[in-house]
Amino acid sequence: MTKRPPQHVPDTKEKLTLYVTLMVSTTLCISVLAMVIAFMLGLWAKEVDNAEIFKMISPAFSTLIGGMIGFLSGIKLMQNEDSKKDGKC
């Protein structure tokens with residue numbers, strides 16, 4: 001019989017980070033889909049001016065995307081910092 005190397009057991013902080021990352025990613029996907037649907041409905045609605053739809057939704061779209069990406073990258077940077085502290089370097 002061959003011995004298996006010990007498995008890494010994630011601690012509470014890693015589990016929480018994973019949960020928050022998945023939650024933020026899911027929220028981002030749902031929000032982006034909702035905004036894309038609003039864009040598409042605005043393009044084909046005859047009573048709505050397309051320029052007005054883009055003026056209203058574009059800043060919110062950019063803010064949401066930028067904020068979520070910043071949040072996810074911050075989480076990833078914190079994981080890298082924690083792994084550097086735990087390492088021998």
Side-chain angles (χ1 to χ4, degrees):
M1 252 188 193
T2 60
K3 282 190 165 183
R4 290 184 178 182
Q7 298 279 332
H8 172 69
V9 179
D11 63 349
T12 306
K13 185 176 181 180
E14 288 177 357
K15 287 180 185 178
L16 181 63
T17 302
L18 176 65
Y19 177 72
V20 169
T21 304
L22 290 175
M23 190 169 50
V24 168
S25 300
T26 303
T27 304
L28 177 63
C29 289
I30 291 169
S31 301
V32 168
L33 282 174
M35 288 188 173
V36 167
I37 290 170
F39 277 136
M40 299 302 282
L41 291 174
L43 283 174
W44 284 295
K46 296 195 185 314
E47 60 273 348
V48 178
D49 182 24
N50 289 341
E52 292 300 318
I53 288 288
F54 290 121
K55 273 190 215 175
M56 289 171 43
I57 295 180
S58 293
F61 191 74
S62 298
T63 302
L64 180 72
I65 298 294
M68 294 289 188
I69 289 174
F71 184 74
L72 290 172
S73 62
I75 288 174
K76 186 64 179 168
L77 286 174
M78 289 302 294
Q79 282 180 337
N80 288 344
E81 289 295 321
D82 289 343
S83 67
K84 284 181 184 177
K85 288 179 185 177
D86 293 339
K88 294 179 181 178
C89 294

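Heavy-atom basis, side chains included; hydrogens, waters and symmetry copies ignored.
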task: Find out if a path of hydrophobic residues (ILVMFWY) with successive side-chain heavy-atom gaps under 4.5 Å connects Leu18 to Val20.
output: no
statement: Members sharing Leu33's hydrophobic cluster, built from side-chain contacts under 4.5 Å between Ile, Leu, Val, Met, Phe, Trp and Tyr, are none
- prompt: Quick one: side-chain contact (heavy atoms from CB on, under 4.5 Å) partners of Leu64, sequence neighbours excluded?
  reply: Ser31, Met35, Met68
Output a table of donor-acceptor pairs, distance under 3.5 Å, between side-chain atoms of residues 38-45 and any protein atom two or more places apart or on a different chain; print 'none' if there are none.
none

Under the side-chain contact (heavy atoms from CB on, under 4.5 Å) test, residues paired with Leu72 that sit two or more places apart: Thr21, Val24, Ser25
task: Give every residue pair that meets the salt bridge (Lys or Arg N to Asp or Glu O under 4.0 Å) criterion with at least one member in residues 55-75, sequence neighbours excluded.
output: Glu52-Lys55
